[in-house]
Amino acid sequence: MRYIASFLKIINEADVLIEKLLPFVENYTESLNTELTESSPGMTLSKSQKFWLGFCITGIILTNSINWTAFSRISIGRYKKTALSWMFRHSKIAWEHLFHFSLKIIFKVYGITKGVVSIDDSDKKRSKCTTKIFGANKIKDKSTGGFCMGQSLVFLVLVTPKITIPIGYAFHVPDPKISEWVKEDKRLKKAGVPKSKRSKKPVRSDEYPTISSISIAILKTFVQQHPEIKIEAIVADALYGNAEFMDEASKIAGSAQVISQIRYNQNISFKNSKKSVEKYFENIQPIQKTIHIRGGKGVVVLIKSARIHVCAHRKKRFVIAIKYTGEEDYRYLVASDLTWRYADIIDAFTLRWLVEVFIQDHKGNEGWGNLTKQPGKDGSYRSLTLSLLVDHCLLLHPDQVASINNKLPAKTVGSLCDIVKVDSILSFVEQIIHSDDPESHFKQISVFLKEHFVKSNDSKKHMNLKPWGNYQSSPSLKYKAFC
């Protein structure tokens, strides 16, 4: 096992060569083309477009980047970076349809008919100079506590009894006028300027929707494109715990349950009086219960629950106070459908964490965490689409399909990428062996590898070609030894 781990480490740190598509990638692009053609003959992919798409998916897996120079290297110079980039920019591919037709393939293969939608947003750090990167804005850097330039994204993930799969995405760009107003309002507030003398918050432009509005739009698109999928529940964090989002999301998803969180100091109405959620639950005796988070290990929690009127929502909601072992404070879940049991609401809400696991996989293994410097709005959306198609394609890897359909544990994205890298090496070696002139083919490839993969740098450690000093005693200074 030690040698296998070392081998995989070498593969991860090197560009793996590719001359032809692996069978599962080729099958995926063929299936995608079939779906596009059946929907509209005008969206059919040409032979070169299919190969280019499959080549990019393979390139992202092997290099963990969206980088035309790296893709050119792993093709052994067969495809120039300018040609790869031109296809990305100018080829008439139905980009806006690829993602949803890819979803249809996944749903058919795994027989998916229902699931829980989990929503979350994420940031992608960029460099200080981001004039050509779409939607770059100042974001909070969680690692340092300061700020940096980056892109903000919203993801919708469908958690099903078999797989977890991304079903929607969009970039979020803050309204610059509101951002400037918030900055100035904080400054004036800190200086002691009363609210009456501070400017009012400007009206938000339609060009810059909120994260909640973006999530609603993505959800609506998914429901329209995939009416055969029943959404059993929608789960999201406290950012989405407002009346407008919960009511609209439930309506779009066919009266589905929507579960989010509210703050401890949010007011509820009880017997013609108002009090905070925290105060209301203080005098309620908790129930101790063991819950199984995402069907796994049992965890003991304290639970309080009530169907009460939430003032900000202007209606009755199911509010649940829950505290895990070792925690000091309760957190408060809020659900739109009052007919569910509290245990089922808690169980469904634990699935929300899986969207964060997907985001980690997406950044760490599917090209989005490294080089994705594609300028313009089209560049950002198309590169993001390519990286998400990698996630879909890996779900169709024979090993993954076999594991899931045979009720075995699903394989991680990282391990599938390692399998693809090994298969690519073996395929490459096989092509050399079975070529008409293996020796000539091998020499040709060896020359290319030495020219493009091996960089010769001048060393400053050695003194060759540099003047050597006179490191010995000087006869004219011998008298100094007797001073």
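- Expressed to the nearest 0.5 Å, how far CG of Leu416 lies from CG of Leu396 amounts to 11.0 Å.
- Applying the ring pair (Phe, Tyr, Trp, His ring centres under 6.0 Å) test to Trp68 and every residue at least two apart in sequence or in another chain returns Phe71, Phe88.
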Run the numbers on Ser380 and Gln151 for side-chain hydrogen bond (donor to acceptor under 3.5 Å, both in side chains), then give the verdict. CA-CA 10 Å; Ser380 289; Gln151 290 173 297; 3.1 Å; yes
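- Annotation: salt bridge (charged side-chain N to carboxylate O under 4.0 Å, His left out) contacts of Arg89 (sequence neighbours excluded): none.
- Remark: Tyr169 pairs with Phe99 by the ring pair (Phe, Tyr, Trp, His ring centres under 6.0 Å) rule, at least two apart or across chains.
- Scanning for ring pair (Phe, Tyr, Trp, His ring centres under 6.0 Å) contacts around His172 gives an empty result, with sequence neighbours left out.
- Every residue two or more places apart in sequence or in another chain that forms a ring pair (Phe, Tyr, Trp, His ring centres under 6.0 Å) with Phe222 is listed here: His226.
- Applying the side chain to side chain donor-acceptor pair (under 3.5 Å) definition to pairs two or more places apart or across chains, those involving residues 345-363 are Ser122-Lys363, Arg352-Glu356, His362-Ser387.
- Considering only residues two or more places apart in sequence or on other chains, Ser39 meets the side-chain hydrogen bond (donor to acceptor under 3.5 Å, both in side chains) condition with none of them.
- For Arg263, there are no salt bridge (charged side-chain N to carboxylate O under 4.0 Å, His left out) partners at least two apart in sequence or on another chain.
- In this structure, Asp175 does not pair ionically with Arg204, as no charged nitrogen and carboxylate oxygen lie closer than 4.0 Å.
- Side chain to side chain, Glu244 and Ser212 fail the donor-acceptor criterion of an N or O pair below 3.5 Å.
- When the options Asp121, Leu384, Ile359 are evaluated for a side-chain contact (heavy atoms from CB on, under 4.5 Å) with Leu153, the one that passes is Leu384.
- There is a side-chain donor-acceptor pair under 3.5 Å between Ser336 and Gln257.
- Taking the six-membered ring for Trp, Tyr381 and Phe171 have ring centres closer than 6.0 Å.
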Please test Val390 against Leu394 for side-chain contact (heavy atoms from CB on, under 4.5 Å), starting from the C-alpha separation and ending with a verdict. CA-CA 6 Å; Val390 169; Leu394 289 173; 4.0 Å; yes
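- Every side-chain hydrogen bond (donor to acceptor under 3.5 Å, both in side chains) that Ser213 has, sequence neighbours left out, goes to Thr210.
- Applying the side chain to side chain donor-acceptor pair (under 3.5 Å) rule to pairs touching residues 292-315 yields Asp247-Lys315, His313-Arg317, sequence neighbours excluded.
- Of the possible polar contacts, none joining the Lys279 side chain to the Asn267 backbone as a donor-acceptor pair under 3.5 Å is found.
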Met43 vs Phe101, test: side-chain contact (heavy atoms from CB on, under 4.5 Å). Steps then yes/no. CA-CA 11 Å; Met43 292 191 293; Phe101 281 112; 3.8 Å; yes
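- Judged by distance alone, the side chain of Thr37 and the main-chain N or O of Asn33 form a donor-acceptor pair under 3.5 Å.
- Checking side-chain atoms of Ser152 against main-chain N and O of Asp123 turns up no donor-acceptor pair under 3.5 Å.
- Here the shortest heavy-atom pairing between Val223 and Ile252 reads CG1-O, 3.7 Å.
- Residues forming a side chain to side chain contact (heavy atoms under 4.5 Å, CB included) with Ala249 (at least two apart in sequence, or on another chain): Ile216, Leu219, Ile234, Phe245, Val258.
- For an aromatic pair to be called close, the ring centres must be under 6.0 Å apart, and Phe281 with Tyr330 fails this.
- Under the side chain to side chain donor-acceptor pair (under 3.5 Å) criterion, the residue pairs touching residues 106-115 are Glu35-Lys108, with sequence neighbours excluded.
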